[in-house]
Engineer: 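Here you go, one structure.
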Amino acid sequence: LMGDRFSEQEIGKIVHRQEELFQKDYRANMQLLQGLKKFLDDAKSLNIPMALTCDSSLALMNFLIEGLGLKSYFKVIVGAEDVDRGRPSPDILLKASLRLGLLPEECVVFDNSESGIEAAQRAGVRVLTIQPRPDTTKKKPSNLMQKIADYRILQPALAYSYSKLN
């Protein structure tokens, strides 16, 4: 991306500094979607296994989930370093279901990106989309269970039971 302009060591320093600045600016503004904490508490109390996947680095994911106090909810965390291809490839979701000891069709993905929804469809996973803002997409993927604005209306047992259908 940067050609021969910088050495690998210099690129590493630039990336590290960029992450430091991001974390400093973002830390003060981190907040959960409404209802997420209760949803995770309820899911954990029902022993529903949960994984977190993200195309970002594990370091960035850990910064976010530790900063938001969410790390204890997830049995499995899969990041960019764990797969060869990012979304819309299904690799990251397949890796998470494998590490959870579940078949993909036994899982439910919560995502708000087109590439995440496509990855779930390719993996054979049902998906709930979280759309805090109005949705402008016209096409409804076959694996889409429901679109919700936040987690307040969602019950973990109901979401998990959807994955057992068919």
Side-chain angles (χ1 to χ4, degrees), residues 1-2 8-9 11-104 106-133 143-145 147-152 154 156 159-160 163:
L1 186 77
M2 295 186 188
E8 287 202 27
Q9 184 178 12
I11 292 171
K13 286 180 182 179
I14 292 169
V15 169
H16 180 72
R17 180 67 180 142
Q18 181 183 5
E19 286 180 3
E20 284 178 342
L21 292 172
F22 168 79
Q23 289 179 11
K24 180 182 174 195
D25 289 342
Y26 197 75
R27 181 173 282 120
N29 298 311
M30 288 194 305
Q31 59 183 338
L32 297 175
L33 282 175
Q34 290 187 344
L36 179 59
K37 182 82 164 74
K38 181 177 182 341
F39 176 84
L40 292 172
D41 285 336
D42 291 348
K44 189 174 182 177
S45 73
L46 293 168
N47 294 315
I48 296 173
M50 293 182 282
L52 180 66
T53 65
C54 185
D55 289 331
S56 297
S57 70
L58 289 170
L60 179 58
M61 289 175 62
N62 282 320
F63 161 74
L64 294 171
I65 62 174
E66 287 171 6
L68 292 167
L70 301 179
K71 191 163 188 156
S72 67
Y73 293 102
F74 300 102
K75 180 179 177 184
V76 169
I77 298 172
V78 183
E81 298 93 333
D82 297 314
V83 293
D84 293 328
R85 300 176 299 166
R87 292 180 178 109
S89 162
D91 295 0
I92 202 163
L93 301 175
L94 296 173
K95 175 86 68 169
S97 70
L98 180 68
R99 288 184 180 174
L100 284 172
L102 298 170
L103 297 172
E106 295 177 305
C107 299
V108 176
V109 168
F110 298 83
D111 207 312
N112 65 348
S113 69
E114 287 184 35
S115 62
I117 294 167
E118 185 178 338
Q121 190 166 22
R122 289 180 178 185
V125 177
R126 295 176 189 265
V127 65
L128 278 161
T129 62
I130 312 302
Q131 307 246 329
R133 293 174 291 285
N143 62 329
L144 182 65
M145 294 169 18
K147 293 179 183 182
I148 58 176
D150 56 45
Y151 287 86
R152 289 177 294 178
L154 194 59
Y160 191 62
S163 70

Engineer: Tell me, do Asp111 and Arg87 make a side-chain contact under 4.5 Å, heavy atoms counted?
Structural biologist: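 In short, these two side chains touch, coming nearer than 4.5 Å.
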Engineer: In Å and rounded to the nearest 0.5 Å, what is the CD1 to CG distance from Ile92 to Asp84?
Structural biologist: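 The CD1 atom of Ile92 sits 11.5 Å away from the CG atom of Asp84.
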Engineer: Counting heavy atoms not belonging to Gln9, are there more than 12 under 6.0 Å from its CD?
Structural biologist: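 Counting neighbours around CD of Gln9, 12 or fewer heavy atoms of other residues, nucleotides or ligands fall under 6.0 Å, so no.
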Engineer: With a 4.5 Å heavy-atom cut-off, do Ser89 and Val83 have their side chains touching?
Structural biologist: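 No - every pair of side-chain heavy atoms lies 4.5 Å or more apart.
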Engineer: Just how far is it from atom CG of Leu100 to atom CD1 of Ile48, taken to the nearest 0.5 Å?
Structural biologist: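 Those atoms lie 12.0 Å apart.
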Engineer: Between Tyr73 and Lys37, what is the shortest heavy-atom contact and its length?
Structural biologist: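 Closest approach of Tyr73 to Lys37: OH-NZ, 2.6 Å.
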Engineer: Does Ala59 offer a backbone N or O that forms a donor-acceptor pair with the side chain of Asn62 under 3.5 Å?
Structural biologist: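 Flag not set: sc Asn62 to bb Ala59 has no pair under 3.5 Å.
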Engineer: Quick one: closest heavy-atom pair of Val125 and Cys107, and the distance?
Structural biologist: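 Minimum heavy-atom separation between Val125 and Cys107: CG1-O, 3.5 Å.
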Engineer: For the residue pair Leu70 and Leu36, what are the closest heavy atoms and their distance?
Structural biologist: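 Heavy atoms only, the tightest pair is CD1-CD2, 4.4 Å.
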Engineer: Quick one: pull up CG in Asp91 and OG1 in Thr53 and give me the separation to the nearest 0.5 Å.
Structural biologist: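 So the gap between those two atoms works out to 11.5 Å.
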Engineer: Please give me the minimum heavy-atom distance between Val78 and Lys95, naming the atom from each residue.
Structural biologist: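 Scanning both residues, the minimum pair turns out to be CG1-CG, 3.9 Å.
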Engineer: Tell me, do Phe63 and Met30 make a side-chain contact under 4.5 Å, heavy atoms counted?
Structural biologist: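 Yes. Closest side-chain heavy atoms under 4.5 Å.
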Engineer: Heavy atoms only: give me the nearest Asp55-Gly86 pair and the separation to one decimal.
Structural biologist: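 That would be OD1-CA, 3.8 Å.
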Engineer: Roughly how far, to the nearest 0.5 Å, is the CG atom of Asp82 from the CZ atom of Arg99?
Structural biologist: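 These two atoms lie 4.5 Å from each other.
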Engineer: Which atoms form the tightest heavy-atom contact between Met50 and Lys44, and what is the distance?
Structural biologist: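 Looking at all heavy atoms of both residues, the shortest contact is CE-N, 4.1 Å.
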Engineer: Is any side-chain heavy atom of Leu40 closer than 4.5 Å to one of Leu32?
Structural biologist: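 The answer is no; the side chains never approach within 4.5 Å.
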Engineer: Do Leu93 and Arg122 have side chains that get closer than 4.5 Å, going by heavy atoms?
Structural biologist: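 Side chain of Leu93 against side chain of Arg122, heavy atoms only: no contact under 4.5 Å found.
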Engineer: Can you tell me how far CD of Glu114 sits from CD1 of Ile117, rounded to the nearest 0.5 angstrom?
Structural biologist: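 So the gap between those two atoms works out to 7.0 Å.
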Engineer: Counting C-beta onward and ignoring hydrogens, is there a side-chain heavy-atom pair between Pro88 and Gln121 closer than 4.5 Å?
Structural biologist: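 Contact flag for Pro88/Gln121 side chains = no.
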